[in-house]
Amino acid sequence: VLDFEDAVKGRRSIRSFLPENIPEEDIQKIISLATCAPSAGNYQDWRFKVVINKQVKSKMKEIVQSKLYFLAKQADKKNPESFRERKTSYLFADAPVALVVQTKLYRGALDELMIQCGYKEAEIDYLRMRPDLQTIGALIQTALLAAHSLGYGTCWLAAPNCARHELENLLEIRPPWSIAAIVAIGRPNESKSSKQKIDIDKITEIIY
Ligand SMILES: Cc1cc2nc3c(=O)[nH]c(=O)nc-3n(C[C@H](O)[C@H](O)[C@H](O)COP(=O)(O)O)c2cc1C
């Protein structure tokens with residue numbers, strides 16, 4: 001088991017994976033540890049689809065590629081075809097597991113209070129900074145660390161969400177659930193050292 005500091009510092013986004021399958025116990029362990037994350041109101045509003053099936057992953061990749069092409073064409077890009085090759089948007093397809101993490105809109109007692117005060121949904125989201133998305137971020141980071149501690153590489157992918165509705169259709173994800181992100185998981189086929197970070201003195205203010 002990795003020491004906490006080594007686990008945190010050693011985790012990097014891995015974008016190339018060995019084809020080796022991931023045993024189901026390891027997937028369960030990753031999800032089980034991830035769900036130790038804090039959640040707004042302790043609602044634990046998270047769901048998972050573990051996509052191992054190669055055809056389904058390929059179909060998901062095609063969906064994302066088509067959307068990239070469509071967007072590039074609509075934005076009048078010179079070479080829209082080249083947008084299909086934006087691998088950072090669909091590299092989950094080459095990972096043994098594409099973990100599709102789902103979230104659902106959070107509304108707690110405080111939101112109800114604000115609604116009664118006449119706040120619009122959009123104003124609530126603007127002020128409250130989406131506790132649901134904060135929750136799912138905590139969950140995903142915990143999943144990445146759990147996977148890393150078991151020797152797996154991961155990449156957190158929000159880019160595929162440009163085709164979120166199409167992906168939800170394929171995966172039969174229905175309201176109130178939405179895809180928050182896809183996490184690619186597998187044995188790493190690249191190694192990375194710890195990264196250069198912004199000096200914490202530049203980003204931190206201590207109020208004495
Ligand atoms: C919310 C979020 C979304 C991300 N989406 C993508 C993505 O769509 N594609 C990708 O290749 N990496 C994605 N990443 C990974 C970041 O690019 C990566 O974390 C960053 O470059 C720092 O590198 P590190 O993870 O190795 O520390 C995402 C990370 C976060 C936190």
Side-chain angles (χ1 to χ4, degrees), residues 2-18 30 33-34 37-40 45-49 51 57-58 60-72 75 82-106 125 129-168 170-171 173 178-200 202-203:
L2 285 177
D3 158 70
F4 178 75
E5 199 167 326
D6 289 342
V8 172
K9 285 186 176 163
R11 183 219 53 85
R12 295 295 316 273
S13 291
I14 295 301
R15 297 186 175 85
S16 175
F17 302 92
L18 296 171
I30 292 165
L33 288 171
S39 65
D45 273 340
W46 37 53
R47 292 287 183 276
F48 307 91
K49 289 219 190 223
V51 186
K57 283 187 289 183
S58 296
M60 290 164 66
K61 170 177 168 178
E62 258 171 52
I63 286 173
V64 174
Q65 285 186 303
S66 306
K67 190 63 177 262
L68 291 169
Y69 173 78
F70 171 83
L71 292 171
S82 69
F83 280 76
R84 284 190 202 273
E85 305 314 314
R86 207 174 171 277
K87 199 171 172 262
T88 51
S89 303
Y90 54 75
L91 58 88
F92 57 78
D94 295 322
V97 165
L99 179 66
V100 180
V101 180
Q102 300 152 66
T103 181
K104 133 181 194 281
L105 182 72
Y106 171 83
D125 289 342
M129 291 287 186
R130 296 297 301 268
D132 44 6
L133 298 185
Q134 296 185 41
T135 291
I136 219 68
L139 172 110
I140 295 170
Q141 172 64 356
T142 310
L144 302 193
L145 291 175
H148 176 65
S149 77
L150 294 172
Y152 295 104
T154 55
C155 192
W156 179 336
L157 303 164
N161 270 353
C162 68
R164 181 163 70 79
H165 289 141
E166 296 86 337
L167 291 170
E168 285 168 357
L170 174 78
L171 299 170
I173 293 169
S178 312
I179 299 175
I182 300 177
V183 181
I185 312 176
R187 293 277 175 216
N189 192 22
E190 61 174 330
S191 62
K192 284 183 164 181
S193 48
S194 324
K195 67 187 164 186
Q196 211 56 42
K197 295 196 288 116
I198 303 171
D199 183 353
I200 63 157
K202 293 204 179 103
I203 55 174

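First listed ligand is number 1; within each ligand, the first listed atom is number 1. Every heavy atom of this structure was used, including side-chain atoms; hydrogens, water molecules and symmetry mates were not.
Put simply, the side chain of I173 does not reach to within 4.5 Å of the side chain of R47, judged on heavy atoms. For the pair K67/V64, no side-chain contact is recorded, criterion being any heavy-atom separation below 4.5 Å from C-beta on. With contacts defined as side-chain heavy-atom distances shorter than 4.5 Å, the pair W46/I136 qualifies. For the pair V100/F92, no side-chain contact is recorded, criterion being any heavy-atom separation below 4.5 Å from C-beta on.
Evaluated by nearest non-hydrogen atom to atom 21 (O) of ligand 1, the leading choice among K87, K197, R15, R11 is R15. With A181, S13, A184 as candidates, the residue nearest to atom 15 (C) of ligand 1 on a non-hydrogen basis is S13.
Checked by atom type and distance alone, the side chain of K57 never pairs as donor or acceptor with a backbone atom of V51 at under 3.5 Å.
Of all atoms in ligand 1, listed by their number and element, those nearer than 4.0 Å to a heavy atom of R12 are 24 (P), 26 (O), 27 (O).
Not a single heavy atom of Q141 lies less than 4.0 angstrom from ligand 1.
In this view, Y106 and A40, Y43, D111, R128, P131, D132 satisfy the side chain to side chain contact (heavy atoms under 4.5 Å, CB included) rule, not counting sequence neighbours.
Contact annotation: for C155 versus ligand 1, heavy atoms closer than 4.0 Å belong to the side chain alone.
Atom 28 (C) of ligand 1 has its closest protein heavy atom at W156 O, 3.1 Å. Atom 9 (N) of ligand 1 has its closest protein heavy atom at T88 O, 2.8 Å. Regarding atom 10 (C) of ligand 1, its nearest protein heavy-atom neighbour is L157 CD2, 3.5 Å. For atom 27 (O) of ligand 1, the closest heavy atom belonging to the protein is K195 NZ, 2.4 Å.
Remark: ligand 1 and A158 share an N or O pair separated by less than 3.5 Å (distance only, no angle test). In terms of polar-atom proximity, defined here as any N/O pair under 3.5 Å, A159 does make such a contact with ligand 1.
Contact detail for R11 and H148: the closest heavy-atom pair is N-NE2, 3.4 Å.
Residue pairs that meet the side chain to side chain donor-acceptor pair (under 3.5 Å) test with at least one member in residues 149-159, sequence neighbours left out, are D26-Y152, Y152-R187.
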